[in-house]
Amino acid sequence: MFSKETYIHRREKLRKSISSGLILLLGNDESPMNYADNGYHFRQDSTFLYFFGLKLPFLAAILDCDSGEETVFGNDLTVEDFVWMGPQPTINVQSVRVGINKTGDLASLVVLLEEAQNMGRKIHFLPPYRAENKIKLFEWLGIPPVEAKTRASLELILSVVNQRNYKSAEEILEIRKACDISVDMHTLAMRMAKPGVSEAKIAAAVYELALAEGGQISFPIIATINGQTLHNHYHGNVLKNGDMFLLDAGAETAMGYAGDLSSTVPVNGKFTARQNDIYTICLDSHNKAISMLKPGIPFKDVYFESARVIVNGLKNLGLMKGNVEDALANGAHALFFPCGLGHMMGLDVHDMEDLGEVYVGYDGEAKSTQFGLKSLRLGRKLEPGFVFTIEPGIYFIPELIDQWKAKKHNADFINFVKVEEYKTFGGLRNEEDFLVTQTGCELLGKPKPKSIEDVEAEWAKW
Ligand code: GLY
Ligand code: MN
């Protein structure tokens with residue numbers, strides 16, 4: 001937990017940014033896996049964590065923008081609960097630690113909300129992403145679950161985004177910590193990625209490291225020899241000679257801050273000539289993007305520059321052809337690079353995706369609907385304090401290749417005959433995390449191996 005003053009200042013800023021009414025912030029509940037008492041790992045809502053630092057389930061809070069009053073609501077555990085869970089400080093004791101003296105039970109929150117509604121006061125809430133919180137909004141405010149997202153307060157969304165997008169020095173320290181642990185997870189995986197080892201074994205070892213550091217993983221681990229599937233969570237394969245192994249994994253610190261890295265390593269310790277070619281293009285694209293990071297540059301420009309490096313590289317290999325600018329404008333690169341270049345990161349690995357990428361990553365500007373570009377989660381001009389990932393990849397996705405080939409989609413720019421030769425190549429990427437500073441950017445966490453030489457040397461350590 002940060003100091004009490006951090007949370008007091010964050011809430012004061014939020015209250016003062018909203019014209020009038022009540023801000024209702026909902027914490028997350030325990031979520032059952034297969035029966036009520038067998039729950040998934042509890043994760044507090046990140047906005048609730050940001051403003052209150054409290055990791056207890058079943059909490060809600062009201063910030064009164066007119067009177068300045070701040071109240072945390074929740075039902076204290078009983079001695080019977082302590083029998084199973086051990087003694088816990090009361091909600092009031094925990095709230096005082098973050099600068100809130102007034103607490104109440106959930107029944108009193110319902111009464112307060114009813115009174116506020118009767119008085120015609122505006123109640124600001126964020127778009128809920130959990131069913132339990134949609135039900136609460138229905139029961140407490142009469143908002144049908146299907147309308148909960150559209151009836152969320154845009155004023156509140158924008159205020160929260162405008163605070164959370166700019167990371168403070170103490171947050172950056174936490175994110176650096178998450179990135180350092182994430183680097184250890186990746187070097188461990190690079191050394192383990194040997195023929196005969198299973199994806200599951202590496203995933204387990206990576207997970208263990210995150211847990212052993214006192215935190216969690218920041219998203220489900222991707223540990224795969226089929227890197228062409230972007231979010232591949234299947235861990236049932238055994239690594240063999242000739243494969244590339246892709247790890248996309250990050251740590252979450254005990255405070256809830258994320259790291260997010262990707263690495264690709266040849267399973268027999270040496271990239272083949274073809275793997276070397278594609279890896280080098282991808283790394284050049286990655287490094288080009290990093291070289292452009294500074295305040296004022298639109299991230300969409302960085303994305304196109306990184307895509308330009310990929311198109312030029314693939315043209316040199318005979319996989320693409322034609323005019324590079326036209327290829328980019330038509331989205332031809334998206335056959336090989338169908339995802340974005342990066343995303344904001346903080347308390348969420350995709351920071352505040354629940355509040356809307358258009359607000360977080362585009363400053364309200366509409367996103368493109370073109371295949372490839374539509375997956376770019378960040379497009380806005382960079383500002384000091386922004387933290388995000390850089391993660392270009394090159395993927396040979398057989399189903400997508402077949403579809404484009406059959407439709408002759410972007411056939412002016414793609415040499416489908418040559419692409420056939422690479423159809424079983426798989427996919428690869430590197431990913432690192434950056435902070436925009438006043439003058440440029442800073443890598444967060446210690447450097448991870450990413451050059452061909454460094455990756456092969458890391459593999460060879462065991
Ligand atoms: N690291 C997973 C993702 O960015 O989607
Ligand atoms: Mn990522």
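Just follow the structure's listing: the first ligand is 1, and inside any ligand the first atom is 1.
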Legend entry - From Phe337 atom CZ to Tyr395 atom OH, the distance as rounded to the nearest 0.5 Å: 7.5 Å

Inset, instruction - Taking only heavy atoms of the protein into account, state which residues are under 4.0 angstrom from an atom of ligand 1, in chain and number order. - result: Phe219, His231, Asp248, Asp260, His343, His350, Glu391, Glu431

Legend entry - Over 12 foreign heavy atoms within 6.0 Å of NZ, Lys321: yes

Legend entry - Gln163 vs Tyr50 side-chain heavy atoms within contact, under 4.5 Å: yes

Legend entry - Enclosure of Glu208 CD (heavy-atom neighbours >12, cutoff 6.0 Å): no

Legend entry - Ring centres under 6.0 angstrom apart (Phe386, Phe299): no

Legend entry - Cut-off under 2.8 Å, centre the Mn ion (ligand 2), protein N/O/S atoms: Asp260 OD2, His343 NE2, Glu391 OE2, Glu431 OE2

Legend entry - Atom pair CG (Leu173) and OG1 (Thr253), whose distance is rounded to the nearest 0.5 Å: 11.0 Å

Inset, instruction - Can you tell me which residue pairs pass the salt bridge (Lys or Arg N to Asp or Glu O under 4.0 Å) test with a partner in residues 187-201, sequence neighbours excluded? - result: Arg191-Glu458

What donor-acceptor contacts under 3.5 angstrom involve side-chain atoms of residues 227-234, with partners at least two apart or in another chain?
residue: Asn232; atom: OD1; partner: Tyr234; partner atom: N; Å: 3.1
residue: Asn232; atom: ND2; partner: Thr224; partner atom: OG1; Å: 3.2
residue: Asn232; atom: ND2; partner: Asn226; partner atom: O; Å: 3.3

Legend entry - Under 3.5 Å side-chain donor-acceptor pair for Asn430 and Tyr279: yes

